[in-house]
Amino acid sequence: MTSGPVNLNRFRKDKARARDKARADENAVKFGRSKAQKDIEKARADKAARDLDQLKGEE
């Protein structure tokens, strides 16, 4: 027999939560960047902005 009554709302929410987590993991692989990659990109953008500001000041 069964072990007891089953809360269908909890079952439904757990199933949706598992589906959402799987989708989030898939998106992290597809679109995600590591912290190091983000830091490098930010450093390059900061340097480009500084270089542009220096060129504007020389005109």
Side-chain angles (χ1 to χ4, degrees):
M1 299 270 179
T2 62
S3 62
V6 176
N7 186 335
L8 295 178
N9 283 331
R10 178 174 291 158
F11 177 78
R12 178 182 51 81
K13 288 180 180 183
D14 288 343
K15 184 176 177 183
R17 195 174 292 120
R19 184 187 67 237
D20 291 344
K21 177 157 178 35
R23 184 173 174 207
D25 291 342
E26 181 181 314
N27 283 340
V29 170
K30 191 184 296 185
F31 299 110
R33 296 178 295 162
S34 70
K35 183 172 173 70
Q37 289 171 331
K38 290 177 188 177
D39 290 343
I40 289 171
E41 186 175 316
K42 183 176 182 329
R44 286 181 181 160
D46 290 344
K47 183 179 181 335
R50 282 194 312 270
D51 292 346
L52 185 61
D53 288 342
Q54 287 176 347
L55 291 174
K56 285 182 180 178
E58 292 176 2
E59 290 179 358

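Small disclaimer: the values here were computed from a predicted structure and weren't measured.
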For D53, is there an ion pair with R50 - N to carboxylate O distance below 4.0 angstrom? no
How far apart are the C-alpha atoms of R10 and D14, what are their side-chain angles, what is the distance that settles it, and do they pass the salt bridge (charged side-chain N to carboxylate O under 4.0 Å, His left out) test? CA-CA 6 Å; R10 178 174 291 158; D14 288 343; 5.3 Å; no
Could I get the full list of side-chain contact (heavy atoms from CB on, under 4.5 Å) partners for R19, not counting sequence neighbours? A16
Please examine the side chains of R12 and L8, heavy atoms only from C-beta on, and report whether any two atoms are closer than 4.5 Å. no
Check residues 33-49 and write down every donor-acceptor pair under 3.5 Å in which the side-chain atom is one partner and the other belongs to a residue at least two apart or another chain.
from: R33; atom 1: NH1; to: E41; atom 2: OE1; distance (Å): 2.6
from: R33; atom 1: NH1; to: E41; atom 2: OE2; distance (Å): 3.3
from: S34; atom 1: OG; to: Q37; atom 2: N; distance (Å): 3.2
from: Q37; atom 1: OE1; to: S34; atom 2: N; distance (Å): 2.9
from: K42; atom 1: NZ; to: D46; atom 2: OD2; distance (Å): 3.2
from: K47; atom 1: NZ; to: D51; atom 2: OD2; distance (Å): 3.0

